[in-house]
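To start, the structure itself, in structure tokens.
Position 1 is the first residue of the sequence, and the numbers go up from there.
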Amino acid sequence: MNLFNRVVPSRRQAPPVPPQRPAGAPASPTAVLPDPDLANLTGDWVVDPAHSRIGFSVRHAMVTTVRGCFLEYESLLYFDARNPARSRADLTLFTASVDTGVEQRDAHLVGRDFLDAATYPRMRFTSTGVEQAGADLFHMSGELTIKGISRPVVLEMTYIGHVTDPFGYERVGFDGTTTINRSDWGLTYNSRLAEGGAMVSEKVRLQLDIAAIRTPPSAG
């Protein structure tokens with residue numbers, strides 16, 4: 001109703017009936033309205049290790065959860081605000097840097113039963129595509145390589161925000177997650193519990209808490 005039109009009470013009209021969609025016609029797609037702040041993000045970025053966490057969690061002995069992370073990694077990120085599908089990410093993790101807070105457990109993880117860091121010193125994620133699923137939600141497809149085995153995964157990435165810090169650095173935040181079956185990458189070691197369950201779950205949740213810093217354009 002137009003608030004600037006005068007309505008005569010004695011001549012009330014029924015509200016207009018919206019047009020009906022013909023039978024069998026497809027519904028109109030719901031437009032995804034991007035966060036306006038994303039327009040400022042086009043360019044190259046690198047992950048800031050001091051304020052980021054590339055981690056994982058896995059169920060242990062069926063009753064508790066073990067959490068860990070990789071302390072050393074390299075990254076190359078590019079975000080295209082006008083066409084998010086052109087965005088890309090390349091993340092290399094050094095397997096020997098795994099840290100769960102327990103030295104004996106970390107030694108087991110870098111050994112031949114799991115990551116075999118001596119033979120496979122790096123694991124890598126390389127993006128192959130990005131789709132915008134919401135105002136601040138993206139699905140990033142890519143290839144995850146562990147122990148020389150590459151398989152497709154999809155990361156669900158949530159945009160957190162974009163700021164300029166007191167030192168003049170532009171920072172952007174994303175949270176990402178996906179769940180994989182570790183056996184698909186040759187991580188098959190396990191022990192059985194007396195009750196019949198697995199000591200370590202096959203499902204591993206990967207968690208990326210990313211704080212990235214914009215890299216200045218190269219001269220020339």
Side-chain angles (χ1 to χ4, degrees), residues 45-49 52-78 85 87-131 133 137-158 174-212:
W45 302 76
V46 293
V47 177
D48 175 12
S52 302
R53 182 178 183 274
I54 311 297
F56 60 88
S57 60
V58 60
R59 188 74 69 186
H60 179 262
M62 300 177 64
V63 295
T64 189
T65 299
V66 170
R67 293 177 172 83
C69 63
F70 293 90
L71 301 179
E72 298 178 18
Y73 45 85
E74 297 174 347
S75 64
L76 291 173
L77 312 175
Y78 175 78
S87 302
R88 56 189 180 271
D90 194 332
L91 183 64
T92 299
L93 311 178
F94 294 90
T95 52
S97 72
V98 67
D99 180 20
T100 65
V102 178
E103 185 175 348
Q104 183 178 2
R105 181 167 58 212
D106 295 345
H108 191 194
L109 288 175
V110 301
R112 296 183 65 182
D113 284 342
F114 286 98
L115 295 171
D116 193 2
T119 307
Y120 305 98
R122 297 172 178 83
M123 53 187 292
R124 184 180 183 185
F125 172 80
T126 304
S127 66
T128 56
V130 179
E131 294 182 358
L137 182 65
F138 300 85
H139 292 160
M140 176 175 281
S141 304
E143 292 286 328
L144 177 63
T145 301
I146 305 175
K147 297 182 72 172
I149 300 173
S150 298
R151 291 188 176 275
V153 297
V154 178
L155 295 173
E156 184 171 283
M157 305 293 297
T158 302
F174 284 91
D175 284 348
T177 185
T178 192
T179 299
I180 66 172
N181 186 320
R182 61 186 177 88
S183 295
D184 291 341
W185 282 267
L187 304 174
T188 57
Y189 174 85
N190 219 332
S191 296
R192 308 302 296 181
L193 300 170
E195 292 78 5
M199 178 66 76
V200 182
S201 172
E202 292 292 311
K203 293 183 178 181
V204 180
R205 185 182 182 196
L206 306 181
Q207 300 155 310
L208 292 77
D209 303 319
I210 300 296

Query raised in the report: Is there a donor-acceptor contact under 3.5 Å linking the side chains of Thr126 and Arg124?
Result: yes

Query raised in the report: What are the two closest heavy atoms between Arg53 and Gly68, and how far apart are they?
Result: NH2-O, 2.9 Å

Report task. Would you name the heavy atoms of Glu143 and Pro152 that are closest together and state the gap between them? Result -> OE1-N, 3.9 Å

Query - Pair Phe56-Val98, side-chain contact (heavy atoms from CB on, under 4.5 Å): steps then yes or no - result: CA-CA 10 Å; Phe56 60 88; Val98 67; 3.7 Å; yes

**Report entry** N/O donor-acceptor pair under 3.5 Å between Ser97 side chain and Leu71 backbone
**Finding:** yes

Query - Arg151 side chain near Ile180 side chain, heavy-atom distance below 4.5 Å - result: no

Requested in this report: For residues Leu144 and Leu206, determine if any side-chain heavy atom of one lies less than 4.5 Å from a side-chain heavy atom of the other.
Outcome: yes

Query raised in the report: Between Ala211 and Ser52, which heavy-atom pair has the shortest distance, and what is it?
Result: N-OG, 2.9 Å

Report task. Examine distances only and state if a side-chain atom of Thr95 and a backbone atom of Pro121 form a donor-acceptor pair shorter than 3.5 Å. Result -> yes

Requested in this report: Without swapping roles, check the side chain of Thr179 against the backbone of Arg205 for a donor-acceptor pair under 3.5 Å.
Outcome: no

Output side-chain donor-acceptor pairs under 3.5 Å for residues 108-115, partner residues at least two apart or in another chain, one line each.
{"residue": "His108", "atom": "NE2", "partner": "Asp113", "partner atom": "OD2", "Å": "2.8"}

Report summary line: All heavy atoms of Leu187 vs all of Arg182, minimum pair found to be O-NH1, 2.6 Å

Query - Pairwise side-chain contact, Asp90 with Tyr78, heavy-atom cut-off 4.5 Å (strictly under) - result: no

**Report entry** Closest contact, heavy atoms only, Gly176 versus Met157
**Finding:** CA-SD, 3.5 Å

Query raised in the report: Are side-chain heavy atoms of Arg59 and Lys203 found at a separation under 4.5 Å?
Result: no

Query raised in the report: Can you check whether Trp185 reaches Lys147 side chain to side chain, under 4.5 Å on heavy atoms?
Result: no

Report summary line: Contacts of Phe125 meeting ring-ring contact (aromatic ring centres under 6.0 Å, His included) (sequence neighbours excluded), chain-then-number -> none

Requested in this report: State whether the side chain of Thr178 and the backbone N or O of Val154 hold a donor-acceptor pair below 3.5 Å, judged by distance alone.
Outcome: yes

Query raised in the report: Does the side chain of Phe94 come within less than 4.5 Å of Arg122's, by heavy atoms?
Result: yes

**Report entry** Approximate separation, where rounding is to 0.5 Å, of Asp209 CG and Ile54 CD1
**Finding:** 7.5 Å

**Report entry** Point-to-point distance, once rounded to the nearest 0.5 Å, from CG of Asp175 to CG of Leu137
**Finding:** 11.5 Å

Query - Heavy-atom check, side chain of Ser87 versus side chain of Phe138, under 4.5 Å - result: no

Query - Backbone N/O of Cys69 and side chain of Asp99: donor-acceptor pair under 3.5 Å - result: no

Query raised in the report: What's the shortest heavy-atom distance between Asp184 and Ile149, and which atoms?
Result: O-CG2, 3.7 Å

Report task. Would you give the length of the straight line joining atom CG of Leu155 to atom CD1 of Ile210, rounded to the nearest 0.5 angstrom? Result -> 9.5 Å

Query raised in the report: Is there a side-chain contact between Leu208 and Val47, using heavy atoms and a 4.5 Å cut-off?
Result: no

